[in-house]
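Note on naming: letters A, B, ... go to the chains in the order of the sequence lines (proteins, then strands), and numbering restarts at 1 for each one.
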Amino acid sequence: MQTAQTLSSRSAPPSRKRNVSFAWLGVVPFFLFAALFLILPSGILLVGAVQDKQGNFTLANFAGMFKGVSLGLVAAPSQANLLGLTFPLPFTVDFQSNSMINAYILSIQVSVVTAFLGGVIGFLLAYAAVLGGLPKFVRSALLTFSGVASYFSGVPLAFAFIATLGRLGFVTVLIRNIFGFDLYMTGFSVLSLLGLVLTYTYFQFPLMVLVITPALDGLKREWREASENLGASAFEYWRHVAFPIILPSLLGTMILLFGNSFGAVATAYALTGGNFQLATILIFRQIRGEVLQDPGLGYAVAVGMIVVMALSLGLYYWLQRRSERWLRR
Amino acid sequence: MKRIPLFPWILIFLGFLYFFLPLIGTLDFSLRLVKDQITLEAYKNVVTSARFQNTFTYSFIMALWTIVAATLLVTPTVYWVHLKLPHLRPIVEFITLLTYVVPAIILVFGLIRIYSRPPLSLLESEIGSDFLLVMGYVSLALPAMYRSVDAGLRAIDVRTLTEAAQSLGAGWRTILLDVIFPNLRVALLSGAFVTFAMVIGEFTIATFLARPAFGPYMANLGQTRPYESTALTIISLALTWACIGMMQLLGRGAQGQIAGTR
Amino acid sequence: MAFLELTNISKVFGQTPAVQDFNLQVEKGEFVSFLGPSGCGKTTTLRMIAGFELPTTGTVVVNGNDVTNKPPQKRNTGMVFQAYALFPNMNVAENIGFGLKIARKPKDEIKKRVEEVLAIIKMESFGNRYPYQLSGGQQQRVALARALAIQPQVLLLDEPLSALDAKIRVSLRQEIRAIQQKLGITTVYVTHDQEEALSLSDRVVVMNNSKIEQVGTPFEIYNFPKTEFTAQFVGTLNSIPATVRHAANGELTVDSQTLVTAQKLAGIADGEAVMISIRPERISFASEGRKPNVLNIKVENITFLGSIVRVQVRAGEHLFLMDTFNNPFLKLPEVGDKVEITFSKEAVLVLRHASQI
């Protein structure tokens with residue numbers, strides 16, 4: 001009797017029959033949150049982007065984003081400019097653009113470059129720490145620092161780079177005192193695009209270290225031995241086996257880094273005060289009502305960013321699935 | 001046979017240089033408020049300023065609310081999905097990734113657009129704005145929190161534990177509080193620290209919701225007081241270190257984030 | 001001169017000796033197994049043949065060439081790993097053709113060779129599959145094919161079956177043996193499974209504690225173990241303390257009952273304590289026909305193992321096992337019954353003095 005009473009006085013778990021019909025209730029708060037604070041806000045931007053001022057459906061806002069944009073090729077040599085470096089080109093690109101498309105192009109350029117730089121640096125560091133034959137503490141130090149550095153971003157990071165590479169920054173002064181050479185005489189500025197890239201890369205490469213280290217750990221000793229056994233040199237092993245195996249993770253992570261940088265705004269804003277017309281900065285100013293008088297156009301620009309991010313995430317998943325499938329066994 | 005791995009050492013050296021130079025530079029800069037002197041004056045100015053104290057306290061409290069809200073939102077959901085609704089798992093995972101697809105600046109754009117006008121004019125009141133800020137932060141923290149709890153639940157095999165507890169006569173309250181929660185403590189704590197590190201200096205959402213938060217204050221200070229703002233940088237960095245250090249101490253190891261307060 | 005010669009091989013890791021005084025000659029086309037518990041040095045020895053480890057002392061000679069200090073790439077051995085070690089980014093055909101591609105063989109030659117080898121492992125239609133699409137057994141067959149594709153001088157297999165299910169293990173082991181005999185390839189096979197070693201090999205090398213215990217044909221190893229380790233490790237064995245009663249006649253006492261051994265008990269005095277060993281399958285119930293030795297025992301336990309029935313019996317204070325074939329028409333004694341068991345003189349091996357154990 002005693003036992004039966006104690007048992008029944010506790011809230012007994014619902015029986016199986018009731019679970020089936022009401023189990024979904026348990027996830028209602030979560031979906032409600034998602035609807036109110038994630039889906040609705042993005043949805044309202046999408047709705048705004050396909051409405052004109054009277055609230056009628058229109059695609060004019062998206063058309064407006066591309067207003068004045070044209071692309072042509074002229075058969076005359078010219079020079080290309082990427083982040084302050086010039087390359088000769090055998091043809092001339094006749095590209096007319098507007099401020100919105102330019103903002104996207106700049107954002108994408110910065111994101112691609114910092115994702116690539118961060119990816120390469122992160123990979124080399126992880127490679128050195130995991131497979132370079134260094135003592136164990138190097139690896140754990142690198143992982144710890146990367147864990148911290150990947151969270152070091154936004155406003156403080158911008159200040160750190162100004163304090164380091166600004167006109168009176170620590171490294172600038174150090175180089176001037178030791179080598180008698182003024183960085184700023186070369187046209188370098190931490191407030192330039194190159195400065196922005198260096199700053200962004202700081203939070204990019206640690207993330208690559210964190211993601212690629214387990215991937216490098218996942219390279220089995222037997223794969224190397226099997227390839228040696230079949231006559232392959234260390235280089236051939238890397239070229240045919242190890243590198244192709246980690247390539248999906250490498251590319252996938254670079255895509256994450258791309259998105260990381262594409263959506264960043266605080267760092268750029270604090271560093272340059274909105275001098276660079278990145279897509280995020282454009283939206284920043286749009287919300288403040290500084291640019292683009294047409295609100296519909298502003299929504300279209302925001303939706304465009306969501307589209308770019310969604311595409312990059314889709315690509316990431318595709319690559320991820322591929323490498324997981326390979327490494328399942 | 002043993003050769004010194006010269007190339008790896010050089011790589012690591014350069015990497016650590018990249019990592020540490022800005023930190024050293026910032027520290028150095030923050031100590032030079034008075035010409036030709038190493039001084040903690042800038043720190044003193046910052047810490048004693050009322051604006052710092054107010055904004056920091058505000059952000060700290062908001063961070064705590066965010067942690068509470070995110071924990072209460074994520075833990076039961078993930079537990080329930082593990083236990084009863086495994087087919088919803090991809091959808092829940094997809095939602096946590098929406099945060100990645102919708103960066104903070106876009107999110108706050110949409111939040112303002114919805115909640116600054118009827119029928120949901122939350123932004124008219126202080127408390128409503130604070131609530132919206134916390135909700136925005138919960139969105140930012142969602143992926144990290146979700147992955148932390150998900151990994152924690154995966155590690156303990158919830159279903160078996162729950163069924164074992166049920167077979168011993170435990171009710172839901174006992175199961176959640178005495179069985180599941182203690183096993184999740186490490187996962188929840190590490191999620192909390194990550195959330196704190198992400199939220200304490202957040203700039204974008206706080207700025208546009210016009211909240212008196214630490215991030216906007218820092219950005220503001222940077223335009224007028226360079227030494228004080230670098231001192232703030234060191235302070236907020238020390239906080240991040242402490243949070244991530246605690247997290248790693250908890251044994252969750254290094255874990256990256258894919259969305260946050262860039 | 002033997003095809004593969006391992007002379008005075010030793011290997012020390014730090015302070016720990018992994019292999020000591022290893023001498024072995026393997027003839028061309030021979031299938032030799034290294035059998036022993038984990039940590040006995042068998043895998044290390046195999047890895048020294050492959051070139052993944054360099055011996056601390058001694059030489060490895062393959063087909064008259066000293067390869068002791070050659071890197072693995074230059075040895076032309078084919079290795080099959082326990083964990084398959086297929087390259088996950090390549091399909092079956094690319095995996096098998098990898099060694100030939102590295103050797104810069106022309107494309108059509110590679111294609112032809114890959115098809116040949118796929119035919120050997122009977123997986124002709126699997127060339128385009130990826131490793132993750134294959135079962136464990138299939139993966140291991142591909143790994144074998146990959147090792148065979150380069151036409152190695154020596155085939156090395158490192159516990160290739162231990163990750164597989166029991167049934168696949170048996171069928172694949174027969175397949176490995178059939179392929180090996182067909183190709184006549186010199187093979188060294190490492191295993192801790194005595195059944196595998198006995199069923200596959202021309203000769204078995206039993207190893208323990210970094211040293212060779214015994215080298216011999218499976219028949220010799222099983223029936224005439226030279227050391228107690230070999231006797232214990234290979235097959236099930238009853239070790240029973242006994243006293244020598246009359247050395248010249250081979251008479252011993254167990255539980256005050258008298259036994260006779262066919263073994264010469266030279267150098268052992270009457271009254272000395274010894275250890276005798278008897279394989280369970282050599283013991284039968286006296287009701288099925290008496291042999292020279294008969295013991296009165298009590299049945300303690302009966303375990304049904306399928307084709308055989310294992311009976312635990314007690315003679316005085318000594319417990320030991322006997323195996324009898326499962327015969328549905330024969331009634332077994334029941335637990336607690338007192339019956340007679342019987343075995344031949346030859347079944348009784350006197351291993352070593354009890355005082356030395």
request  = Write out, in numerical order, the residues from residues 90-127 of chain C with a heavy atom short of 4.5 Å from a heavy atom in chain A.
outcome  = C:M90, C:F98, C:G99, C:K101, C:I102, C:R104
remark   = Of all heavy-atom pairs linking A:H240 and C:N89, the shortest is O-ND2, 3.0 Å
query = Given that the side chain runs from C-beta out, which part of C:R47 has a heavy atom under 4.5 Å from chain A: side chain, backbone, both or neither?
reply = side chain
request  = Spell out, as yes or no, whether a donor-acceptor pair under 3.5 Å connects the side chain of A:N229 to the backbone of C:M79.
outcome  = yes
message = Please give me the minimum heavy-atom distance between C:F81 and A:E225, naming the atom from each residue.
response = CE2-OE1, 3.4 Å
query = Which heavy-atom pair separates C:Q73 from A:A232 by the least distance, and what is that distance?
reply = NE2-O, 2.9 Å
A:F116 atom CZ: more than 12 heavy-atom contacts under 6.0 Å = no
inquiry  = So which atom in A:L230 and which in C:F87 form the shortest heavy-atom distance, rounded to 0.1 Å?
reply    = CD1-CE1, 4.3 Å
inquiry  = Looking at every non-hydrogen atom in both residues, tell me the closest pair between A:A226 and C:A85 and how far apart they are.
reply    = CB-O, 4.1 Å
message = Under a 4.5 Å cutoff for heavy-atom pairs, which residue among A:G231, A:S233, A:P244 has the most contacts with chain C?
response = A:G231
query = Is chain A contacted by the side chain of C:L156, its backbone, both, or neither, given a heavy-atom distance below 4.5 Å?
reply = neither
